[in-house]
Amino acid sequence: MTTMHPVQRISGLSKRTEMHSQGFCFRPRILIDVTNIDLSTTVLGFKISMPIMIAPSAMQKMAHPEGEYATARAASAHKTIMTLSSWATSSVEEVASTGPGIRFFQLYVYKDRNVVAQLVRRAERAGFKAIALTVDTPRLGRREADIKNRFTLPPYLTLKNFEGLDLGKMDKANDSGLASYVAGQIDRSLSWKDVQWLQTITKLPILVKGVVTAEDARMAVQAGAAGIIVSNHGARQLDYVPATISCLEEVVKAVQGRIPVFLDGGVRRGTDVFKALALGAAGIFIGRPVVFALAAEGELGVRKVLQMLHDEFELTMALSGCRSLKEITRDHITAEWDKPRILPRL
């Protein structure tokens, strides 16, 4: 029997999060000098080593005792961005204490807006550089595994950002403790007006996370968003939503270059990063691969996942004839929805 290394290859869990190979084909260009490949890019004015960033994932100390500390250190080591979840098991101040790094803060809007304002101010003071506002969760989707397992936080963990507000604990419930928590705390009335309200209480740029349609993409631009994260919440909110890679080009076309568009979800290989950038994404965020790697090997595991994706993406660029991100174009990829192509003239 062959023993596999714990962080060797992360496979997907859901067809709606995976980027199936049959939907895309590459059109590599040849006889290009690819001696030097530059993966670096700029996100909201911050230079990072590669367009591969870490998405917000809640309660990471359930995966590993060091939780968000380990993820933050791994992201910093790779000179990329980590997004901290509102529902982290480490606070914004604790994550900031791990050392320098470019970090975004993911925000859920609570019914008590004073809680929201306080949280945003703390993220600002802790040196976080942007707010990723999650907009697809006025209610929690029906997560049947959570219901079956009566999911709740273990008694030795809390939602650290809310510890001093009596909102850090999650009560046990007959179904899902998380669903009960969301029903009790999260504001179902959240609207585009609140995106504008957020801009009155912070100077941090606001990324709208959870957009999957052109209509909402245009609304995000009008509301003053600094960017869009195309996300279906790991395909755990609404059944029958398309994979994010299927929504990406629609959103990119709708914003017409006015703000950057990022892809969250479904990335398992460096080739997936290339697909997203060819379809117009300015960068991608990974979630499950980070949590799986964290559970397997802590900080070292997260570092390995980032390195694997970096190396695979760099190789894909080289074999496609692309020496920098700006050289990756729509002509490097065909999608199943494309019309028969007329070959471009050289």
Legend entry - Leu279 with Phe262, same ILVMFWY side-chain cluster at under 4.5 Å: no

Legend entry - Validation row: Asn161, Phe105 side chains within 4.5 angstrom (heavy atoms): yes

Legend entry - Intermediate values then yes/no, side chain to side chain contact (heavy atoms under 4.5 Å, CB included), Thr334 and Arg27: CA-CA 7 Å; Thr334 58; Arg27 301 182 67 251; 3.5 Å; yes

Legend entry - Validation row: Phe46, Lys129 side chains within 4.5 angstrom (heavy atoms): yes

Legend entry - Validation row: Met50, Leu306 side chains within 4.5 angstrom (heavy atoms): yes

Inset, instruction - Would you mind telling me which of Thr134, Thr244, Asp264 makes a side-chain hydrogen bond (donor to acceptor under 3.5 Å, both in side chains) with Ser231? - result: Asp264

Legend entry - Salt-bridge contact Arg269-Asp272 (side-chain N to carboxylate O under 4.0 Å): no

Legend entry - Ionic contact status for Lys160 with Glu163, cut-off 4.0 Å: yes

Inset, instruction - Flag the pair Pro28 / Leu319 as yes when at least one side-chain heavy-atom distance between them is below 4.5 Å, and no otherwise. - result: no

Legend entry - Student check: side-chain heavy atoms of Thr98 and Glu299 closer than 4.5 Å: no

Inset, instruction - Answer yes if Tyr69 and Leu294 sit in the same cluster of Ile, Leu, Val, Met, Phe, Trp and Tyr residues linked by side chain heavy atoms under 4.5 Å apart, and no otherwise. - result: no

Inset, instruction - Answer yes or no: is there a donor N or O on one side and an acceptor on the other, between the side chain of Ser85 and the main chain of Trp87, under 3.5 Å? - result: yes

Inset, instruction - Could you list the residues that satisfy side-chain hydrogen bond (donor to acceptor under 3.5 Å, both in side chains) with Asp38, not counting sequence neighbours? - result: Ser40

Inset, instruction - For Asp311 and Gln307, run side chain to side chain donor-acceptor pair (under 3.5 Å): C-alpha distance rounded to whole Å, both residues' side-chain angles, the deciding distance at 0.1 Å, then the answer. - result: CA-CA 6 Å; Asp311 293 350; Gln307 190 64 52; 2.8 Å; yes

Legend entry - Stepwise side chain to side chain donor-acceptor pair (under 3.5 Å) check, Thr271 with Glu312: CA-CA 7 Å; Thr271 44; Glu312 290 174 3; 5.8 Å; no

Legend entry - Listed partners of Arg323 passing side-chain hydrogen bond (donor to acceptor under 3.5 Å, both in side chains), at least two apart: Glu327

Inset, instruction - Show the numbers, then the answer: is there a side chain to side chain donor-acceptor pair (under 3.5 Å) between Gln222 and Trp192? - result: CA-CA 9 Å; Gln222 291 167 13; Trp192 290 109; over 6 Å; no

Legend entry - Salt bridge flag under 4.0 Å for residues Arg29 and Asp331: no

Legend entry - Hphob cluster co-occupancy, Val211 + Ile284, side-chain heavy atoms under 4.5 angstrom: yes

Legend entry - Joint hydrophobic cluster, Val221 plus Leu248, side-chain heavy atoms closer than 4.5 Å: yes

